[in-house]
Amino acid sequence: MSQSIFVGTALYTACRHQKIKIDKTKLLNALGAKRSTFDSLHKKMEKIIPSLESVEHNKKTSKRGHSLLDKVNEIVEDQAYSLKQQKTAEDDSSTEDIDYEKWKQRIIESATKALSAEMTSKETTNS
């Protein structure tokens, strides 16, 4: 999924929460998203609103109050960051696999050389 569906759904959810009317079909056409995907994401975002409001009320002491849309964008960015970290971890594990394969190949080669040297020395002593 593209990030635009998250931003669009966050906008729609924030507008609905603020009781601002917004045309859902026009938004869906602009996003190019499926209605079912949009609706499921909207339901999830609606569940987040109470927790965001409690955090927002706790931060009234700051000069700039954060709106619901700011909080949703922050959550989306955090999710994107965690996905990047997961991909980096997967890349690291594939590098470890390559290192293991190199190590394994070296061990096999040295064992093969040792065996062939031993076989050669046995042949020379038998002769």
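The analysis underlying the following values was restricted to heavy atoms, covering all of them including side chains, and did not include hydrogens, waters or symmetry mates.
- The structure places OG of S110 at 10.0 Å from CG of L115, a figure rounded to the nearest 0.5 Å.
- Summarising the geometry, atom CG belonging to L41 is positioned 8.5 Å from atom OG1 belonging to T37; distances are rounded to the nearest 0.5 Å.
- Going from atom CG of L11 over to atom CE of M45 covers 10.5 Å, rounded to the nearest 0.5 Å.
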message: The test is side chain to side chain contact (heavy atoms under 4.5 Å, CB included); show your working for K44 and T9 and say whether it passes.
response: CA-CA 10 Å; K44 289 177 184 176; T9 308; over 6 Å; no

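- Every residue two or more places apart in sequence or in another chain was checked for a ring-ring contact (aromatic ring centres under 6.0 Å, His included) with Y81, and none qualifies.
- In this structure, the side chains of V76 and V7 stay at 4.5 Å or more apart for every pair of heavy atoms.
- Nearest heavy-atom pair, R35 versus T25, reported as atom, atom and distance to 0.1 Å: NH2-CG2, 3.3 Å.
- Scanning both residues, A33 and I5, for their nearest heavy atoms gives CB-CD1, 3.3 Å.
- One finds the OH atom of Y12 at 8.0 Å from the CD1 atom of I22 (value rounded to the nearest 0.5 Å).
- Across all non-hydrogen atoms, the minimal contact from T112 to I108 is OG1-O, 2.7 Å.
- One distance of note links CZ of F38 with NZ of K43; it measures 12.5 Å at 0.5 Å rounding.
- Looking at F6 and N73, their side chains never come closer than 4.5 Å, going by heavy atoms from C-beta outward.
- Rounding to the nearest 0.5 Å gives a distance of 12.0 Å between SG of C15 and CG of D23.
- A side-chain N or O of H42 and one of T13 form a donor-acceptor pair less than 3.5 Å apart.
- Residues satisfying the side-chain hydrogen bond (donor to acceptor under 3.5 Å, both in side chains) test with D39, not counting sequence neighbours, are K24.
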